[in-house]
Trainee: 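Please read through the structure below; I'll follow up with questions.
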Amino acid sequence: MKILVRNLDRATTEEEVTALFEQFGVVQSCSLVLDAVTGGSKGFGFVEMPKPGEAKAAVKSLNQTEVGRNTIRVKRAE
């Protein structure tokens, strides 16, 4: 299941996001969307988790939680 993570602090790393989701199960991949000019994070990214049950638990538990200085929004990617 592909998950969209929005409103990330721009200083948050892929490793930190992966660790956050690994609390709920196996993370197949994690990629933050980067600005082409600056190379910095645009504040959102995608996480893929192979097991739907684990992915749904992660979405439910992590949506509207505080990471860094921001409250993140987590939902299934469309």
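Source: prediction; values computed, not measured. Computed over heavy atoms, backbone and side chain alike; hydrogens, waters and symmetry mates excluded.
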Trainee: Do Val67 and Phe21 land in one hydrophobic cluster if side-chain heavy atoms of ILVMFWY residues count as linked below 4.5 Å?
Mentor: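 Same hydrophobic cluster.
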Trainee: Quick one: pull up CD in Glu16 and CG in Leu32 and give me the separation to the nearest 0.5 Å.
Mentor: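 It is 9.5 Å, given to the nearest 0.5 Å.
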Trainee: Just how far is it from atom OG1 of Thr71 to atom CG of Asn63, taken to the nearest 0.5 Å?
Mentor: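 Rounded to the nearest 0.5 Å, the OG1-CG separation comes to 10.0 Å.
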Trainee: Hey, can you pull the donor-acceptor pairs under 3.5 Å for the side chains in residues 40-61, sequence neighbours left out?
Mentor:
| residue | atom | partner | partner atom | Å |
| --- | --- | --- | --- | --- |
| Ser41 | OG | Gly43 | N | 3.0 |
| Glu54 | OE1 | Val26 | N | 3.1 |
| Ser61 | OG | Ala57 | O | 3.0 |

Trainee: Report the distance from atom OG of Ser29 to atom CD of Glu14, rounding to the nearest 0.5 Å.
Mentor: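 Here the interatomic distance stands at 9.0 Å.
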Trainee: Tell me, do Ile72 and Leu20 make a side-chain contact under 4.5 Å, heavy atoms counted?
Mentor: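 Yes; the side chains approach each other to less than 4.5 Å.
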Trainee: Restricting to pairs with a member in residues 65-78, which pass salt bridge (Lys or Arg N to Asp or Glu O under 4.0 Å), not counting sequence neighbours?
Mentor: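 Matches after skipping sequence neighbours: Asp9-Arg69.
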